[in-house]
Amino acid sequence: MVSKFIRLSVYFLLPFNQMCCCVSGVCRYPLGMSGGQIQDEDISASSQWSESTAARYGRLDFEEGDGAWCPEITVEPDSLKEFLQIDLRSLHFITLVGTQGRHAGGIGNEFAQMYKIKYSRDGSRWISWRNRQGKQVIEGNRNAYDIVLKDLEPPIIARFVRFMPVTDHSMNVCMRVELYGCEWLDGLVSYNAPAGEQMTLPAHPVYLNDSVYDGAVIYRCVMTEGLGQLTDGVCGLDDFTHSHVYNVWPGYDYVGWNNESFPSGYVEIMFEFDRTRNFTTMKVHCNNMFSRHVKAFRQVVCYFRSESDWEATPLSFSPVVDEKNPSARFVTVNLANHMASAIKCQFYFADAWMLFSEITFQSDDPTHKVDDSNTRILIGCLVAIIFILVAIIVIILWRQVWQKMLEKQLVDIPSYSVTYCVPASTSTAASKSTTTTVVQDGVPHYAEADIVNLQGVTGSNTYAIPAVTMDLLSGKDVAVEEFPRKLLTFKEKLGEGQFGEVHLCEAEGMQEFMNKEFLFDIPEELPVLVAVKMLRSDANKNARNDFLKEIKIMSRLKDPNIIRLLAVCIYSDPLCMITEYMENGDLNQFLSRHEPEGQLALLSNAPTVSFNNLCYMATQIASGMKYLSSLNFVHRDLATRNCLVGKKYTIKIADFGMSRNLYSGDYYRIQGRAVLPIRWMSWESILLGKFTTASDVWAFGVTLWEILNFCKEQPYSQLTDEQVIENTGEFFRDQKRQIYLPQPVLCPDSLYKIMLSCWRRNTKERPSFQEIHKALLEIQP
Ligand code: ADE
C-alpha cells in the first residue's frame, strides 16, 4: 500500500530545484522493473546467492523468488565488486531511483544501506554517477521492506545502469530496484566543447565550468565525449550568480566562455547523436544579463555530418541581439530538416560573455515517427475494435439481460411440457428423493424433484410421474390391448408434433378392444373413428421409451373428461396410440368459431354457444381435473387448446404438447432450455418451478377466463411475455401492483370470483378442483 502510494506519487511530485522550463520535472515514470516492461534477460548481476535470488528477482515491490537479488558473497566495505545491472535497451533520461531490501514475508532482512550507481550509454564506457557536490554514495535502505526513492541530481542519460551496494562493514546485502525517467528523445550521446571559464566579479568569483560533465576534460581546456550541465534538464536563472540548486557555487547552472579566450570570436560545440536524425530545431538556453556583459549569441553557424562527411554548406542563423530584456531565454535555431548524426555549431559572441545552461535538439526521428504513427494507428484500431465489441456486447446484453434475469429466477426445468404427477408418498427405490407430501384442502403438493419426467412423443408431450406410479403402471394390469394395425384405415391428418403425427382413422372391430364400460353408444360392427398418435419411424430410443411410458400412464386414466386410450400398436413399428376421436377438435378453435348468444350472433349468423353450455364445458374440465388431482397427477398445461370437444359439448382433457404451430404464441421460449405457457402459469411455477395441483388450479382459472371470452383474446394480450413475467413478480411481491385478468363481459360475478380464487398468491388458499367443480355445478342453471 505504502509502496503503491510512493510509486504513484513520483509521477507528480517535482524535485525542489526543477521548477523550470526543462523536462526533468515531468520525466519521472517507472521504467519497468516493478511493472515488468523490463524483461528478465535485461536484468543481470555480477553474481547471485542462489537461483531464487537471481538478478531477475531484483524488481522493486516484487516478492517473487526469494524476494530480491542477492549477490553470492558478503559485501565488503569498498569492494564494489557486486552490482545489479539493468539494460534499458535505449537511451533514457533517468531522474530518480528506488531501492528496497529483501523481506520475503518476514524471512529476509537484507538490504543495502548505501549504494553507488554506474551508468553507460554504449555498454563499454562506464561512468560513476556523482551528485552535484561530487558525492558518489547514495543513502539506501534502513530496513528490508520500505522503498527509498532518491532523486538523481544530476540526472543520468544512459542505456545501462548498475546498482552497486556499498557497506561500511562486511554484510549480506540484497536489493530490489526501480529506475524512473523517460526516453531520451534528443538522441544526443555526447558534446565536445571548450571547458567553461571563471568570471571574476568584484564580490566573488563565478564558476562557469560544466561541473557535471561526465566525459573527459583534457588539460582543463576541452571537454570531450560526455554530457553534462547542458543536458541535465536544469535551466539557469536570469541572474547567473544564483541557482535553483541548493548549496552550490555562483554560476553553477551555466557553462560560460569569455570572448577574449576565443580569437575566432566563436565557441565551437560538437554534438554527437545515437544515429542519423532529421533535425528540425535546436534550442539554446542562454543568459542575457547584459548588465554583466553577458548576452545570448549573435550568430550561430552549424555544420552537419551524416555518415562520415560534413556537409559543405553550413546553416547560419542570427537571432536579434536583445539589449532590453535581461531574462534568460531559449533561442530557437531552425535546423531546416538537416539529416545528421553529428552537428558542429559555432556560437558567436554578442558581448564579453556567453553563458549556456541547456541545449536541446528536436528531430523528426523517422523510426520513431513510423513507430509513433504505427502505434497511433494500432491504438486507434484497438479503440475502434473495443468500441465495436462493447457496442455489440451492450446490444446483446440489452436483448438478453431480461431473459437471463428470468432464467436466473426460474428454477431448472429440464424440458417443460405437460406433466401429470402422482404422489411420491408411495414411491419406491426408483424414486430419487424422499418426498414430503403436503395435503392442504385435500390438495397435495409435490416438489418437482419427486417427479420423473417423461417426454411424450406425438405432441412432444411430457408427463411427469413419481417412480412409484411407473411401477404400478409397469404391472400386469396395464389396461390396454394391442390392436391389429391392418384394421386401421387412414382418413386424414389431425395434427403433427415434434415426435410424430396424429391421424384420424377408421378402426374396424374396435368395439372388441374397448372396455365394456367405455362402449357408449357406438353401434356394433360399424367402423369407429379414432385418433391415432404415431411415433415417427426415425425417432430415437429415448423417444421410443417415452412413448411406451406415456402409453402406460394414459392407460391408467379412465374418466369421462379425460381423453381415453383405447388400444395400441406396439408389436411393430411405427408405435401407435389409439385414442377416442373428438369430432369438434380442440376447445380453443371450437369457441373461436362460435359467438355468444345474442343480437350480434343473430345478425352475423354465426354459430353460438349458450352461457349454460359454456358453464357445462367448464364444469367438465373441472371434473376431469378433479379426477386427475384425485390421482395426484399434475397436468402442467391446462388450457382450452388442450381440451377436446366432442358431441353435445362434451369435453375431454388431453395434451398436445407444445409443438403445435397454431399455439406457438402461447409458449415462451427460454433460450435453449424450456418452453413455458407463461400466461397460464402460476407465479410459483414461473419463479420457483413449482408445478402442483394448486398451479393446475391457477391454469384452470385462466382456462375459465378463455372460455368466458370465447377464446377471442389471449390472456394478458396487452402485455408482452416479459411484462407477463414482470407481473408474476408483482404476484410474488403482493403489493397490490399485480394485474389480474379482467372480468369478461359475459362473466357473472360468481364465476369471476372463482377465477380470482384460483389466482390467489397463497397456494393453500386456492380452491381444490373438488370445490371448483361443486361451485360450477351450483352456478349452472
Ligand atoms: N387431435 C388430436 N387428437 C385428437 C382427438 N383425439 N380427437 C380429435 N382431434 C384430435
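Values in this document were obtained by computation on a predicted structure and should not be read as measured data. Each ligand, and each atom within it, is numbered from 1 in the order the structure gives.
- Heavy atoms from other residues, nucleotides or ligands lying under 6.0 Å from CD of Gln738 number more than 12.
- Other residues, nucleotides and ligands place more than 12 heavy atoms under 6.0 Å from the CG atom of Asn540.
- Each of the atoms 6 (N) of ligand 1 lies under 4.0 Å from some heavy atom of Thr579.
- Surrounding NZ of Lys774 are at most 12 heavy atoms belonging to other residues, nucleotides or ligands under 6.0 Å away.
- The protein non-hydrogen atom at the shortest distance from atom 3 (N) of ligand 1 is Phe656 CE2, 3.4 Å.
- Nearest protein neighbour of atom 7 (N) of ligand 1, counting heavy atoms only, is Met582 N, 2.9 Å.
- The protein heavy atom nearest to atom 10 (C) of ligand 1 is Leu494 CD1, 3.7 Å.
- Using a 4.5 Å cut-off on side-chain heavy atoms (C-beta onward), Val502 and Met534 make no contact.
- With a 6.0 Å radius and a threshold of 12 heavy atoms from other residues, nucleotides or ligands, Phe732 has its CZ atom at or below the threshold.
- Checked against a 3.5 angstrom limit, the closest N/O atoms of Val502 and ligand 1 fall outside it.
- Near Tyr581, with a cut-off below 4.0 Å to any heavy atom, the atoms of ligand 1 are 7 (N), 8 (C).
- Under 4.0 Å from ligand 1, not a single heavy atom of Asp586 appears.
- Trp698 has its ring centre less than 6.0 Å from the ring centre of Phe731.
- Of all the heavy atoms of Glu580, the ones lying under 4.0 Å from any atom of ligand 1 belong exclusively to the backbone.
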